[in-house]
Structure formats: structure tokens, C-alpha cells
Engineer: 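Right, I'll just put the structure down here and ask away after.
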Amino acid sequence: MPFLEIENLTKRFGETTVLRGIDFSMERGEVAAVIGSSGGGKSTFLRCLNFLEKPEAGKIRIGGKELYDADKQYTDAQIREMRLGFGLVFQSFNLFPQYTALENISMPLFLRERERLRQQGTFKALKKQRQQGTFKALKKQAQQICREKAAELLESVGLSDKAGNYPCELSGGQCQRVAIARALALSPAVLCFDEPTSALDPELTGEVLKVIKSLKSADRTMLIVTHEMAFARDVADKVVFMANGVIEEQGTSDEIFENPQSPLLRAFLKKADNDLRGD
């Protein structure tokens, strides 16, 4: 049974259908690269998986369990819970400029812990009993645990020496590595990347791709929208070519790059090769 299953995912913006009934699956620990020209639906696909856009139709299952069905109604709290299944690294970093690198990572950890305690009624009970000292101590302890976890994640992306730096004090590549660490913080079932190097200068691209490559492991399931063909070929277990809102073709790296079947894919790869050579 596939780890991630997507069935008939459909998204419209007004009269324009951007995703036309996407069917897709991945195994646990698999890395899939999504390639294709701009406007083909790649980023919208990721945004729907992360519930930043609401699909008009479709189902999403993780580990055999239904996570989402477009025919059902969900509360905001349920949507927030669903989002925990996916982590998303944006092409433009989306870091909070007023927080340090460490704080950008520790904040979602603390918010999750606070929500857990809220659901348990811990915070509410302490306030009601006017145990302010205990309440403050519990909050401080939670913040310290989250900072320690954030520091470990910063070290994993090679930025332990930048914990106190603000985004404006970091290079684009460093900002993206902080964003990757933040996405990892909540241990998502599927880690998604939306063109993670498109906003970077060429000399900074390599450091980010190196970190992404290091994340590939037996239990790290990743879905990467990328324009880096060499990277997709080297890292991905599966390559997916999207065009006109559908999955036009998918297969192993060798199948896609060495023996493409779709005329659209052949034309796309030829153009990508010409762009690389400057023709």
C-alpha cells in the first residue's frame, strides 16, 4: 500500500481549471521530483497538499488513512491538524524578519506544544486556580525544550553559528536552510519543496541542494518541485512531469530523462537542455 495517495485532485481558480484530476502515489521514504514548465500546476499541487488552497475535488490519504476528502467540511482546527502531515519549504523562504534563525524554528514547536497543553486543559486549569508561578514555569520549560530542538535542527543544516542572526543578516542560501530546518521541526510525514533554489544566486544553489540531498533517507518522504534537472536526475527515485494541470508522464529518472514517451516531455527536456547550454 502506498504511503501517500492522492485521488482525483482538482483545483479551479474562477473559470480556469489548474489541476485536472491528479492521481498520484508515493512509497514511504521515496523522493519524487516534479518538473515542468511554468503554469503547469506544480506549485498549486503542493499548495493543495499543504491546505493553503482548497481543492474542488479529491482525496488525500497518508499511511492508508484518509486525511482529506474535498466532499467533507472541516473546521479551521481540523485543517491546522491536517497541515501537520506536510511540511512546505517555499521558494521565497517566508521567514519572520523580526525573529532570529533560532526563533523562526522554535516558534512552531512552541505553538504546537502550547496547543497540546491547551487541549489538555493544562493552561486553563492553572490560570483558573491562579497558580501563576506554576503556569510561568511550565511555559518557560516548554520554551526551553523547543529552543534545544531548534538548535539541533540548525546544526543539522550547518548553521549552528547563526542561531542569533536575523534573516536580514543571512544570505539567501542560509535563509533557505533555516526554512528547511523549520519545515523539519514538526516532523511532517511528507516534506515538500516548492522550487527551493529559484530565488537564489547560482553560487548559493549548491549549498541548499546539498542539504536537501542529505535529507534523503529510508524514512524521509519528499516531494520536490524543481527546475534543476541534474539534481532531479541525481536524487529522485521518481520523476513526475506535469503539464496543463495533469501528470503527463512519470517514471524513474532513467525512464524520464533517457527515454521520454510524451511529445510534451521531449520538447520540455530539449528546451531545458538548450537553456543550460545557452542556445
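All figures in this text were calculated on a predicted structure; none of them were measured in a lab.
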Engineer: Output yes when Arg47 and Asp194 qualify as a salt bridge under the 4.0 Å nitrogen-oxygen rule, no when they do not.
Structural biologist: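 Looking at Arg47 and Asp194, the cut-off is not met.
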
Engineer: According to ring pair (Phe, Tyr, Trp, His ring centres under 6.0 Å), does anything in residues 55-75 pair up with another residue at least two apart or in another chain? List the pairs.
Structural biologist: Phe51-Tyr68, Tyr68-Tyr74

Engineer: Under 3.5 Å, side chain of Lys11 to main-chain N/O of Thr17, donor-acceptor pair present?
Structural biologist: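 Not at all, since once roles are kept as given, no pair shorter than 3.5 Å links the two residues.
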
Engineer: Looking only at non-hydrogen atoms, find the nearest pair between Ala179 and Val89 and report the distance.
Structural biologist: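 In this case the closest contact between Ala179 and Val89 is O-CG2, 4.1 Å.
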
Engineer: Is the backbone of Glu203 close enough, under 3.5 Å, to the side chain of Asp201 for a donor and an acceptor to pair up by distance?
Structural biologist: no

Engineer: Rounded at 0.5 Å granularity, tell me how far CE in Met229 sits from OG in Ser253.
Structural biologist: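 Separation between the atoms: 11.0 Å.
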
Engineer: Compare every heavy atom of Thr197 with every heavy atom of His227, then report the nearest pair and how far apart it is.
Structural biologist: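 Shortest heavy-atom contact: CE1-OG1, 3.7 Å.
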
Engineer: Any side-chain heavy-atom pair from Leu49 and Leu223 closer than 4.5 angstrom?
Structural biologist: yes

Engineer: Less than 4.5 Å apart, side chain to side chain, heavy atoms only: is that true for Phe45 and Val240?
Structural biologist: no

Engineer: For Gln78 and Thr75, which heavy atoms make the closest approach, and how far apart are they?
Structural biologist: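 In terms of heavy atoms, the two residues are closest at OE1-N, 2.8 Å.
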
Engineer: If we ignore hydrogens and angles and just use 3.5 Å, is the side chain of Lys216 paired with the main-chain N or O of Val235 as donor and acceptor?
Structural biologist: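 Checking the backbone N and O of Val235 against the side chain of Lys216, a donor-acceptor pair under 3.5 Å is found.
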
Engineer: Would the distance check show the side chain of Gln261 and the main-chain N or O of Asn259 forming a donor-acceptor pair, the cut-off being under 3.5 Å?
Structural biologist: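 Between the backbone of Asn259 and the side chain of Gln261 there is a qualifying donor-acceptor contact (under 3.5 Å).
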
Engineer: Count the heavy atoms belonging to other residues, nucleotides or ligands that lie under 6.0 Å from NZ of Lys54, then report whether that count exceeds 12.
Structural biologist: yes

Engineer: Between Ile60 and Leu186, is there shared hydrophobic-cluster membership here, with clusters defined by ILVMFWY side-chain heavy atoms closer than 4.5 Å?
Structural biologist: no

Engineer: Please give me the minimum heavy-atom distance between Gln91 and Ala199, naming the atom from each residue.
Structural biologist: O-CB, 3.3 Å

Engineer: Find the distance between CG (Leu159) and CZ (Arg177) and round it off to the nearest 0.5 Å.
Structural biologist: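 Nearest 0.5 Å value for the CG-CZ distance: 4.0 Å.
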
Engineer: Nearest 0.5 Å please: distance from the SG atom of Cys192 over to the CG atom of Asn50.
Structural biologist: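 So the SG of Cys192 and the CG of Asn50 are separated by 5.0 Å.
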
Engineer: Might you point out which heavy atoms bring Leu95 and Cys175 nearest each other, and give the distance in Å?
Structural biologist: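 That would be CD1-O, 3.6 Å.
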
Engineer: Look only at the side chain of Lys42 and the backbone of Gly36, and say whether a donor-acceptor pair between them is shorter than 3.5 Å.
Structural biologist: yes

Engineer: Could you tell me if the side chain of Leu191 sits less than 4.5 Å from the side chain of Ile224, heavy atoms only?
Structural biologist: no

Engineer: Do Gln144 and Arg147 have side-chain atoms, one donor and one acceptor, less than 3.5 Å apart?
Structural biologist: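 Per modelled atom types, Gln144 and Arg147 side chains form a pair under 3.5 Å.
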
Engineer: More than 12 foreign heavy atoms under 6.0 Å from CD of Glu155: is that the case here?
Structural biologist: no

Engineer: Nearest 0.5 Å please: distance from the CD1 atom of Ile256 over to the CG atom of Leu265.
Structural biologist: 5.5 Å

Engineer: Can you check whether Arg220 reaches Leu184 side chain to side chain, under 4.5 Å on heavy atoms?
Structural biologist: yes

Engineer: Please examine the side chains of Arg182 and Asn94, heavy atoms only from C-beta on, and report whether any two atoms are closer than 4.5 Å.
Structural biologist: yes

Engineer: Say whether, by atom type as modelled, one donor and one acceptor occur between the side chain of Ser25 and the main chain of Asp23 under 3.5 angstrom.
Structural biologist: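 No; zero donor-acceptor contacts below 3.5 Å.
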
Engineer: Examine Ile212 and Val239 and state if one hydrophobic cluster contains both, with Ile, Leu, Val, Met, Phe, Trp and Tyr joined whenever side-chain heavy atoms are less than 4.5 Å apart.
Structural biologist: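 Each belongs to a different hydrophobic cluster.
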
Engineer: Between OG1 of Thr100 and CE of Met107, what distance do you get to the nearest 0.5 Å?
Structural biologist: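 The CE atom of Met107 is 10.0 Å from OG1 of Thr100, to the nearest 0.5 Å.
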
Engineer: Once you round to the nearest 0.5 Å, how far does NZ of Lys238 lie from CD of Glu27?
Structural biologist: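 That separation rounds to 7.0 Å.
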
Engineer: Heavy-atom distance under 4.5 Å between the side chains of Glu207 and Gln176, does that happen here?
Structural biologist: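 With C-beta onward as the side chain, the pair stays apart.
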
Engineer: When clusters are formed by joining ILVMFWY residues with side-chain heavy atoms under 4.5 Å apart, either directly or through shared neighbours, do Leu67 and Leu52 land in the same one?
Structural biologist: yes

Engineer: Would Val208 and Phe193 count as a side-chain contact (heavy atoms from CB on, under 4.5 Å) here? Give the steps.
Structural biologist: CA-CA 11 Å; Val208 173; Phe193 297 84; over 6 Å; no

Engineer: Do the non-hydrogen side-chain atoms of Ile22 and Met242 ever get within less than 4.5 Å of each other?
Structural biologist: yes

Engineer: For Phe241 and Leu264, run side-chain contact (heavy atoms from CB on, under 4.5 Å): C-alpha distance rounded to whole Å, both residues' side-chain angles, the deciding distance at 0.1 Å, then the answer.
Structural biologist: CA-CA 9 Å; Phe241 172 63; Leu264 289 177; 3.9 Å; yes

Engineer: Would a single hydrophobic cluster contain both Leu200 and Leu215, if residues Ile, Leu, Val, Met, Phe, Trp and Tyr are joined by side-chain heavy-atom contacts under 4.5 Å?
Structural biologist: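 The answer is yes; both residues are in one hydrophobic cluster.
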
Engineer: Please check this pair: side chain of Asp237 against backbone of Val31, looking for a donor-acceptor N/O pair closer than 3.5 Å.
Structural biologist: yes

Engineer: Should Thr10 and Leu19 be marked as a side-chain contact (heavy atoms from CB on, under 4.5 Å) after you check the CA-CA gap, both sets of side-chain angles, and the distance that decides it?
Structural biologist: CA-CA 5 Å; Thr10 303; Leu19 299 179; 5.6 Å; no

Engineer: Is there a donor-acceptor contact under 3.5 Å from the side chain of Ser37 to the main chain of Ala243?
Structural biologist: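 Not confirmed, Ser37 side chain does not pair with Ala243 backbone.
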
Engineer: Flag the pair Phe24 / Val34 as yes when at least one side-chain heavy-atom distance between them is below 4.5 Å, and no otherwise.
Structural biologist: no

Engineer: Hey, are Arg61 and Glu7 close enough for a salt bridge, meaning a charged N less than 4.0 Å from a carboxylate O?
Structural biologist: yes

Engineer: So for atom CG, which belongs to Asn244, do other residues, nucleotides or ligands contribute more than 12 heavy atoms lying within a distance under 6.0 Å?
Structural biologist: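 Atom CG in Asn244 is not packed in, count stays at 12 or less.
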
Engineer: Check the hydrophobic clustering (I, L, V, M, F, W, Y; side-chain heavy atoms under 4.5 Å; chains of links allowed) and say if Phe93 and Phe96 are grouped together.
Structural biologist: no

Engineer: How close do Met26 and Met222 get, counting heavy atoms only, and between which atoms?
Structural biologist: CE-O, 3.2 Å

Engineer: Taking it one step at a time, do Gln141 and Ile145 satisfy side-chain contact (heavy atoms from CB on, under 4.5 Å)?
Structural biologist: CA-CA 6 Å; Gln141 180 184 34; Ile145 292 172; 4.2 Å; yes

